[in-house]
Chemist: 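Here it is, the structure, as structure tokens.
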There are 2 protein chains.
Amino acid sequence: MIRILIVEDHPAMVEGLRKILSESDEITTLDVATNASKCMAHVKGYTYDVILLDIMLPGSNGLDLCSEIIKVNPEAKILALSTYNQRYYIETMLQNGAKGYLLKNNSKEVILHAIKTVHAGNTFLCEEVKRILRQHSDHSLALSRREIEVLRLIADGLTNKEIADKLFISPLTVDSHRKNLIIKLGAKNTASLIKIAMSEGFVSV
Amino acid sequence: MIRILIVEDHPAMVEGLRKILSESDEITTLDVATNASKCMAHVKGYTYDVILLDIMLPGSNGLDLCSEIIKVNPEAKILALSTYNQRYYIETMLQNGAKGYLLKNNSKEVILHAIKTVHAGNTFLCEEVKRILRQHSDHSLALSRREIEVLRLIADGLTNKEIADKLFISPLTVDSHRKNLIIKLGAKNTASLIKIAMSEGFVSV
DNA sequence: TAAACAATCCACGAAAAGGGGGATTTCATA
DNA sequence: TATGAAATCCCCCTTTTCGTGGATTGTTTA
């Protein structure tokens, strides 16, 4: 029996998952957590076979929560389940230790198959996610830590000078980062840079 | 018996809604549509008591679909059901004829109550949506048609001159729109303008 | 019908960003 | 230990945006 923890804050979604999971006699939904702290409380008290983890949670996000869970239990088999198909989310989730990434528009069959795959110790990515990861895997989309930091400050409306003051570096350095960001994300200027950054999930709404 | 059409493309969500609705003996789920064209086919062939309409649909969006449905049946009682709490979505949905707006994080009780309220001919907005509509209702967030048009072109990386050429107006006019947009949305510059615009839903990802 | 708003256009100067270079240091890792 | 990437800093010149002010012509609508 595969024992599941569902981490999800939409009641209707929880009902649906419960229903779908109950149709398989290999799977049982043991617990449901509707936010990060409840999730951690469950994870600290019990070892689940698979954790179904949503990305958007009230007051926190699944990306950080994933790291937290892995810190407590490095063996945890986390399957991300999200509406969001942003590349950054997918990559960060996998970097943070998730064993799979599943979009919510998948059928019940795919959902069940994903859970079984992850439980068996393998990685599961749904088709659309695979496609997204293939896309521009050539044109270097990998942003450095500092670049992401600068990017978010730009999105908040700070100028090169203001960012420089905040990070204790030269405005010229910030300008270099900005130019590199524009090139890396294939933007035309700062405006489209922000649009792309948000589409990819680097900057959250 | 309140006859429902669910327009939603996440199988698990559909299952959950079916389950929740089936718990009320006043409500029955007659049909499910997973995209806009299937929805229109259903709406043209039958008159539902309430239509539960998701905003994010494959290849189209609930905003336009709402107008389409109202065009076919001006009496349709549409209840928007969405993850998205962007002000623009809420306002546009209501302008386009929806009778209610419900966020997916609401409990089954609220969902059932919303359906009954809309069916009874009243408007239903969940608490968070009411709160969002109250916020900055003072500071004029209403953008004109032209402003939204210009805003989206700015987000795509076009300069004032390029936008001017595209819209057959003077670059100075575009500049005026840009400045007004920055003031109206309370941005510091174009970068933060785009971030806010996307957060509010004026520009989609 | 007057007021309010949308959409258009303008001027001037300051500030910021963009384009195209180049360079050094540090740090991880292959 | 050499290679490469990340992070830092620099120059020159052009283009674009920003901040301040305006003004006119329509079209709703209270």
Chemist: Could you check whether D175(A) pairs with K179(A) (Lys NZ or Arg NE/NH1/NH2 to Asp/Glu carboxylate O, under 4.0 Å)?
Modeler: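 So D175(A) pairs with K179(A) through a salt bridge.
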Chemist: Which of these, V118(A), I115(A), V7(A), sits in a side-chain contact (heavy atoms from CB on, under 4.5 Å) with L52(A)?
Modeler: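 It is I115(A), the one option of V118(A), I115(A), V7(A) that forms the side-chain contact (heavy atoms from CB on, under 4.5 Å) with L52(A).
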Chemist: Scan side-chain atoms only and decide if D31(A) and Y46(A) contain a donor-acceptor pair under the 3.5 Å cut-off.
Modeler: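 Side-chain D/A pair, D31(A) to Y46(A): absent.
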Chemist: Look at atom NZ of K188(B) and say whether more than 12 heavy atoms of other residues, nucleotides or ligands are closer to it than 6.0 Å.
Modeler: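 Yes, because the 6.0 Å sphere around NZ of K188(B) holds more than 12 heavy atoms from other groups.
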Chemist: I'd like to check Y89(A) versus N61(A) (side-chain heavy atoms, cut-off strictly below 4.5 Å). Are they in contact?
Modeler: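 Heavy-atom side-chain distance check fails, nothing below 4.5 Å.
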Chemist: Measure from CD1 on I194(A) to C1' on dG18(C) and round the result to the nearest Å.
Modeler: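 In whole Å, dG18(C) C1' and I194(A) CD1 are 15 Å from each other.
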Chemist: Has H113(A) got more than 12 heavy atoms of other residues, nucleotides or ligands less than 6.0 Å from its NE2?
Modeler: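 It does not: H113(A) NE2 has 12 such atoms or fewer within range.
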Chemist: What does the B/S/- profile of nucleotides 3-17 of chain D look like, 5' to 3', with a 4.0 Å heavy-atom cutoff to protein?
Modeler: ---SSBBB-----SS
Chemist: Using the C1' atoms of the five pairs at each end, what is the angle between the end axes of the helix from dT1(C)-dA30(D) to dA30(C)-dT1(D), to 10°?
Modeler: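 Helix axis angle between the two ends: 60°.
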Chemist: With no hydrogens and no angle check, do the side chains of S67(A) and N96(A) hold a donor and an acceptor under 3.5 Å apart?
Modeler: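 Per modelled atom types, S67(A) and N96(A) side chains form a pair under 3.5 Å.
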Chemist: A quick test of your reading: do over 12 heavy atoms of other residues, nucleotides or ligands sit less than 6.0 Å from CZ of R18(B)?
Modeler: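 Open.
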Chemist: In whole angstrom, give the distance that lies between atom CG of L193(A) and atom P of dG18(C).
Modeler: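 Between P of dG18(C) and CG of L193(A): 8 Å.
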